[in-house]
Amino acid sequence: EAEVAQSPRYKITEKSQAVAFWCDPISGHATLYWYRQILGQGPELLVQFQDESVVDDSQLPKDRFSAERLKGVDSTLKIQPAELGDSAMYLCASSLPGAKAGELFFGEGSRLTVL
Amino acid sequence: GDSVTQMEGPVTLSEEAFLTINCTYTATGYPSLFWYVQYPGEGLQLLLKATKADDKGSNKGFEATYRKETTSFHLEKGSVQVSDSAVYFCALGLSGSARQLTFGSGTQLTVLP
């Protein structure tokens, strides 16, 4: 069964360092999402791509976060510099073009701990 | 703005007990409603959905009915199993918002044998 791949699964870093997460969506899924899930809370959308274009990045803290999907396939989310409050699970999800609202497929996530 | 409120957890039940997890929502349009489940060490996966008022979503013995009059989408199961132990998230999605989801805070369910 096709899955959304994410790496690394776990990342521990010190504040002020740079960190990057990678996501490979299910083949053929044009829409890709990055969500952040703080412990004890629900996922919150950071950025949404349609192919290589950003559809919504209104909740992305652009002073330190960046996201790209250069060829419209895999994607990278970067944080520089990391802050203590960035400790969270970073989830990638994808969906088919024309999929109905909510039919998202999630990866297992990348857990970030900032010391 | 759009929001989802879930009953606070954690919830601990004995096997074969009845489960209800409450979920209410606030939305400006006509949302679709979802329950996602996150098993330990796994990603979120769609459990069930309902796209309009009075629809009932069901899967794996779980059910939820879209109640527009009470803006609710409560999750129920008649007899839980140990394997149902997971975190359950209620979510809404609006068709005009690029298929984004707004999630509740999640409810941790533990089922004891």
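The shown structure was predicted, so the numbers you read here are calculated from the model rather than taken from an experiment. The basis for the numbers below is simple: all heavy atoms, side chains too, and nothing from hydrogens, waters or symmetry mates. Each chain gets a letter, A, B and so on, in the order its sequence line appears, and its residues count up from 1.
Here the side chains of Pro43(A) and Phe89(B) are in contact, with some heavy-atom distance below 4.5 Å. Within the 4.5 Å cutoff, the side chain of Tyr35(A) has heavy atoms near those of the Leu101(B) side chain.
Looking at Gln38(B), the atoms closer than 4.5 Å to chain A (heavy atoms on both sides) all sit in the side chain, from C-beta outward.
At most 12 heavy atoms of other shown residues, nucleotides or ligands fall within 6.0 angstrom of atom OH in Tyr10(A). The neighbour count for Glu76(B) CD, taken as heavy atoms of other residues, nucleotides or ligands under 6.0 Å away, is above 12. Applying the 6.0 Å contact sphere to CD of Glu69(B) captures more than 12 heavy atoms from other residues, nucleotides or ligands. Residue Lys56(B) places its NZ atom among 12 or fewer non-hydrogen atoms of other residues, nucleotides or ligands, all under 6.0 Å distant. Other residues, nucleotides and ligands place no more than 12 heavy atoms under 6.0 Å from the CG atom of Leu39(A).
Heavy-atom pairs under 4.5 Å with chain B peak, among Glu44(A), Gln37(A), Arg9(A), at Gln37(A).
The line from CZ of Phe34(B) to CD of Glu103(A) is 7.0 Å long, rounded to the nearest 0.5 Å.
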